[in-house]
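Throughout, numbering of the chain's residues begins at 1 and tracks the sequence.
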Amino acid sequence: TLFRSEVPKVGKAALETEMGEKNVLVVFYAPWCPHCQTFVLHDGTGDPRKAPLEQLNKKLKSDSLAVLRYDVTAGEGPADMPVQYIPTVYFASKSGKKIMFQGDPHQDGVLEAFVKENA
C-alpha cells in the first residue's frame, strides 16, 4: 500500500494560515537533498513510515502544535524565515516569534527539546 505522509506539505499561504492558528514546527527541505530524504521522506532504508519527521510528528502533534514540511523547490518560504541550507527547521509560535533550529535535526530528542524550550 502507498504510504501517505501524516506530515502535511504546505506552501507559503497554507504555512501562514497555520502559523496564525497554532504553534508550528516546519521543516524546509528539497526532495533531491540526501539529508532531507532521510529526515523528511524516509529512514535510511527507504521506509517512509519510519522517517524521523513522521516519528516526530507522532510525538509532538497536538491541538496547539502543527508539524509541517515545506518543499523549497516549489517556491520560496516566508521572508522572515530565511533558508540558507536544507533541511532547515523553524519553530514559529502563534504569537509570531520565529526561531531557527541550530544543530543536527537527525539527533535523537533535539527537536522535542527545541519545541519544549520555545513553546
Practice prompt. Return the orientation label for the Tyr70 and Phe28 ring planes: parallel under 30°, perpendicular over 60°, tilted otherwise.
Written response: tilted

So NZ of Lys61 and CG of Leu68: to nearest 0.5 Å the spacing works out to 10.0 Å

Heavy-atom closest pair (Ala51 atom, Leu41 atom, distance to 0.1 Å) is CB-C, 3.9 Å

Here the gap from Lys59 atom NZ to Leu111 atom CG, rounded to the nearest 0.5 Å, amounts to 9.5 Å

Rounding to 0.5 Å, atoms OG (Ser5) and CZ (Arg49) come to a distance of 12.0 Å

| request: State yes or no: do Val89 and Leu53 share one hydrophobic cluster built from I, L, V, M, F, W and Y residues joined by side-chain heavy-atom distances below 4.5 Å, directly or via other members? | output: yes

| Going only through I, L, V, M, F, W and Y residues with side-chain contacts under 4.5 Å, is there a path from Val7 to Leu56? | yes

| query | Quick one: does Arg69's side chain have a donor or acceptor within less than 3.5 Å of a partner on Tyr29's backbone? | reply | no

In terms of heavy-atom contacts, Gly46 and Pro48 come closest through O-CD, 3.1 Å

* Asked: Should Val67 and Val27 be counted in the same cluster of Ile, Leu, Val, Met, Phe, Trp and Tyr side chains packed under 4.5 Å apart?
  -> yes

Checklist entry - Mind checking whether Tyr90 and Val10 sit in one hydrophobic cluster, side chains of I, L, V, M, F, W, Y counted as touching below 4.5 Å? => result yes

Practice item. Give a yes or no on whether the backbone of Glu6 and the side-chain of Glu54 come within a donor-acceptor separation of less than 3.5 Å. Key: yes

All heavy atoms of Thr38 vs all of Gly44, minimum pair found to be CG2-CA, 4.2 Å

Ile86 and Cys33 have their tightest heavy-atom pair at CD1-CB, 3.8 Å

- Could you go step by step and tell me if Glu112 and Leu60 meet the side chain to side chain contact (heavy atoms under 4.5 Å, CB included) rule? CA-CA 7 Å; Glu112 292 97 314; Leu60 293 179; 4.0 Å; yes

**Asked** Can you hop from Val83 to Trp32 via hydrophobic side chains spaced under 4.5 Å?
**Response** yes

Asn23 side-chain N/O to Lys94 backbone N/O, donor-acceptor pair under 3.5 Å:
yes

Closest non-hydrogen atoms of Leu25 and Leu65, given as atom of the first, atom of the second and distance, are N-CD1, 3.9 Å

d(Gln55 CD, Lys50 NZ) to nearest 0.5 Å is 8.5 Å

Please list, one pair per line, the donor and acceptor atoms closer than 3.5 Å that link side chains of residues 97-107 to other protein atoms, with sequence neighbours excluded.
unit_1: Lys97; atom_1: NZ; unit_2: Asn118; atom_2: O; d: 3.3
unit_1: Lys98; atom_1: NZ; unit_2: Asp80; atom_2: OD2; d: 3.1
unit_1: Asp104; atom_1: OD1; unit_2: His106; atom_2: N; d: 2.8
unit_1: His106; atom_1: NE2; unit_2: His35; atom_2: O; d: 3.3

* **Asp47 and Thr45: CA distance, side-chain angles, deciding distance, side chain to side chain donor-acceptor pair (under 3.5 Å) verdict** => CA-CA 6 Å; Asp47 186 342; Thr45 69; 5.5 Å; no

Nearest heavy-atom contact between Ala92 and Met19 is CB-SD, 3.6 Å

